[in-house]
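Everything on this sheet refers to the single structure shown next.
Numbers restart at 1 for each chain; the letters A, B, ... are given by sequence-line order, proteins then strands.
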Amino acid sequence: MKVRDRYAPSPTGALHPGNARSALFNYLFAHREEGTFILRIEDTDRRRHDDGSLATIMEGLRWLGLEWDEGPERGGPHEPYFQSERLPLYQAAADRLVATGDAYRCFCTPERLEELRRSQERAHMPPGYDGRCRDLDPAVVAGRVAAGDRAVIRMRVPGGSTAVVDLVRGTSEFANATLDDQVLVKSDGYPTYHLASVVDDHEMDITHVVRGDEWLPSAPKHVLLYGMLGWEPPVFVHLPLVLGPDRAKLSKRHGAVALLEYRDLGYLPEAMVNFLALLGWSPGTGDDFMTLPQLVQAFDIEKVQVSPAVFDAAKLDHLNGQHIRALPPEEFAARVRPWVPELREELLAAAAPLVQERMTRLTEAPGLLGFLVAAPDGGRDGIVPKKHDRAATIEVLRDARAVFAGADPGPGLEPGLRDVATRHDWKFGEVMMTLRIALTGSPVTPPLLESAALLGQEEVLGRIDASVAALEGAAGGKEAS
RNA sequence: GGCCCGUUCGUCUAGUGGCCUAGGACACCGCCCUCUCAAGGCGGAGAUCAGCGGUUCGAAUCCGCUACGGGCUACCA
């Protein structure tokens, strides 16, 4: 049997890392099994519907490289892939259930249900539908329907118990009495998740339902529904929750950071995919660094974890650095490009190798490469080493200037600069730091001599002169450093 | 409250009865390298495998109970 699985988000907000992890696992599993990964949009909640989120969800998936085989913008044999466009299917299923007695119309108003819930709470009773409309006389029902009374359709949960078989967790047994007569079709005619997902998973020949753990408690309702409709249930896999640092479920309703914000924070999609894959799954080999193709190759859905995983930003940072370093130099330059828009193309290409291994996030690019765009604008904090004074610093800069004046800047100048240090009885590191700040304005830069080479002799001499001038000017009274 | 799921270093995890005096990775600390910052190399600290009781010659691994944590409990998904 060919594997077909799906990621089925509701367009009610931005994709967050927890959702992305679910999508990833579906993608990995489908690809590993040479099956089909489907994107289906569960837009059955008109109240919470958010117009922008569909685009955001698709953009997020594509950013990660998780292109779907069937779904919005791609089509497929089971179109449409929007539940709001499949209403007749759900209605037909609901009609069948009503006809067989497995479901019934309920005329209770939201107000009554609200009051019911409150009173149950007061009495410390478990909340749930009390079954008032469960056994209404068919004639009465027909009459109210004819009169235009609004109704929902509820499933008639039978007695006994229902077993849910999960590929990684094994079998869980649920007493049906704890299940509640779930609403299947709302009074606006839209199905609830429970009906819609069961109908679609069947209609779309989904073989594996891989979804978050929060669905496990409602899985028995779904199993019941498959049985009532005479369908074979798919294989279930409930993924462990992704937790925030506070150990609570990561959720868009609890202020989780949207996936695409990580892109804006300078993370590579490769790193995010790698990191997400390791939340709740492990290749078992000890390898942490993996690309999407490698993940596909190694993925084994039976090895997914059963216990929740905490989202650890530090590990994401580490993997991001690893993936940045693993990029081919030209590719790395291309990724950095948007972060330093003013930097000339040749300079970026030449400077990229210098900064590639010292970045954790792309956001660091401007700080590391800014000196190539503009000369220090006066900020020269720390140009005078702790153990030396301003006058000596000026002398050292002048002496060093002579070295730069004698040859094109580059690593070849190191011996000459060491001589400068010796002559003034400075440490070589002190000379370099003073020059670093003179040339870049920053105490943290790529290797200085290589950086100077990018600047060019004329620019280097000019910046040294400017620094000397600034130090001399400061001698007039103001603080130099 | 009820139902369900879970519990190995701070975090992600390896581990499916003897190879475990529990391995790796991140983070942390130290050393090396070194013109800064990184990267890299080497080393260290860090888990009585939630607790208790069973099963067994032998348990992180099997069973039970307890505790704790989380999820669900909508005409949301």
Side-chain angles (χ1 to χ4, degrees), chain A residues 8-13 42-45 47-48 106 108-110 113-114 117 120-121 123-128 150-154 164 166 169 172-175 177-180 182-188 190-194 196-197 211-220 238 240-241 243 245 247-249 253 275 278-289 305-319 321-322 325 355-360 364 368 382 414 417-418 421 427-437 440 442-449:
Chain A
S10 63
T12 53
E42 314 224 318
D43 52 349
T44 56
D45 184 346
R47 277 169 51 88
R48 293 202 307 138
C106 167
C108 295
T109 63
L113 296 174
E114 177 62 25
R117 222 177 344 263
Q120 285 166 333
E121 217 158 278
H124 299 288
M125 298 281 290
R150 287 173 84 76
V152 300
I153 294 177
R154 288 180 183 274
V164 174
D166 181 289
R169 286 166 202 274
S172 308
E173 195 82 14
F174 294 79
T178 66
L179 255 27
D180 208 9
Q182 186 64 235
V183 170
L184 299 178
V185 178
K186 299 176 254 187
S187 58
D188 63 5
Y190 278 68
T192 58
Y193 170 89
H194 308 283
S197 70
R211 79 237 292 195
D213 207 11
E214 70 269 28
W215 291 109
L216 188 52
S218 44
H238 290 94
L241 261 17
L243 271 27
R247 300 205 129 268
K249 176 183 156 193
R253 285 179 243 174
F275 173 70
L278 264 19
L279 282 182
W281 177 79
S282 154
T285 58
D287 288 332
D288 266 4
F289 179 92
Q305 208 73 14
V306 287
S307 52
V310 173
F311 188 98
D312 179 15
K315 179 131 189 176
L316 207 212
D317 279 346
H318 172 255
L319 286 170
Q322 299 266 312
R325 271 164 249 136
V355 296
Q356 184 166 8
E357 67 181 23
R358 24 178 64 78
M359 285 198 334
T360 294
E364 292 157 27
L368 248 20
E414 182 172 331
L417 292 171
R418 283 191 184 276
K427 286 181 183 165
F428 180 58
E430 292 172 327
V431 171
M432 293 301 277
M433 184 51 82
T434 289
L435 277 171
R436 184 184 313 283
I437 292 175
T440 72
S442 164
V444 178
T445 74
L448 224 220
L449 269 8

Worksheet entry | Nearest-nucleotide pick for A/Thr178, side chain only, options being B/C35, B/C12, B/C3 | B/C3

Worksheet, complete the sentence: Regarding the side chain of A/Met433, the nearest nucleotide among B/C26, B/U36, B/C75 is B/U36

Item to complete: Measure from the side chain of A/Lys315, starting at C-beta and using heavy atoms only, and say which of B/C12, B/C75, B/C35 lies closest.
Response: B/C12

Fill in: Listed nucleotide nearest any side-chain atom of A/Asp45, set B/C3, B/C75, B/A77
B/A77

Response to the item:
Of B/C72, B/C3, B/U73, the nucleotide closest to the side chain of A/Pro127 is B/U73

Worksheet item: Pick the nucleotide of RNA chain B nearest each of A/Asp180 and A/Ser172; which residue has the one closer to the 5' end?
Response: A/Ser172

Item to complete: Would you classify A/Thr445 as touching base, sugar-phosphate or nothing, given that sugar-phosphate means primed atoms plus P, OP1 and OP2, and contacts are heavy atoms under 4.0 Å?
Response: base

Discussion item. For a quick check of understanding: with a heavy-atom distance under 4.0 Å over all strands, which category does A/Ser307 fall into, base, sugar-phosphate or nothing?
Written reply: sugar-phosphate

Discussion item. Using a 4.0 Å heavy-atom cut-off, does A/Val306 contact any base of the nucleic acid, only the sugar-phosphate backbone, or nothing at all?
Written reply: sugar-phosphate

Worksheet item: What nucleotide, of B/A38, B/C35, B/A74, holds the atom closest to the side chain of A/Leu448?
Response: B/C35

Discussion item. Taking donor-acceptor contacts at under 3.5 Å, does the side chain of A/Ser187 reach the base of B/C75?
Written reply: yes

Worksheet item: Looking at the side chain of A/Arg325, which of B/G40, B/C26, B/C72 is the nearest nucleotide?
Response: B/G40

Discussion item. Looking at the base of B/C37, is there any donor atom on it, or on the side chain of A/Arg358, that sits under 3.5 Å from an acceptor on the other one?
Written reply: yes

Discussion item. If we count only N and O atoms by modelled type, under 3.5 Å, do the side chains of A/His238 and A/Arg169 hold a donor and an acceptor together?
Written reply: no

Item to complete: With a 3.5 angstrom cut-off on both distances, give the Watson-Crick or G-U wobble partner of B/G53, or none if there isn't one.
Response: B/C63

Worksheet item: Closest to the A/Arg247 side chain: B/U11, B/G6, B/C35?
Response: B/U11

Discussion item. Does the structure show a Watson-Crick or G-U wobble partner for B/C26, both distances under 3.5 Å? Name it, or say none.
Written reply: B/G10

Practice prompt. Could you tell me which nucleotide pairs with B/U36 by Watson-Crick or G-U wobble geometry, both distances under 3.5 Å, or answer none if nothing does?
Written response: none

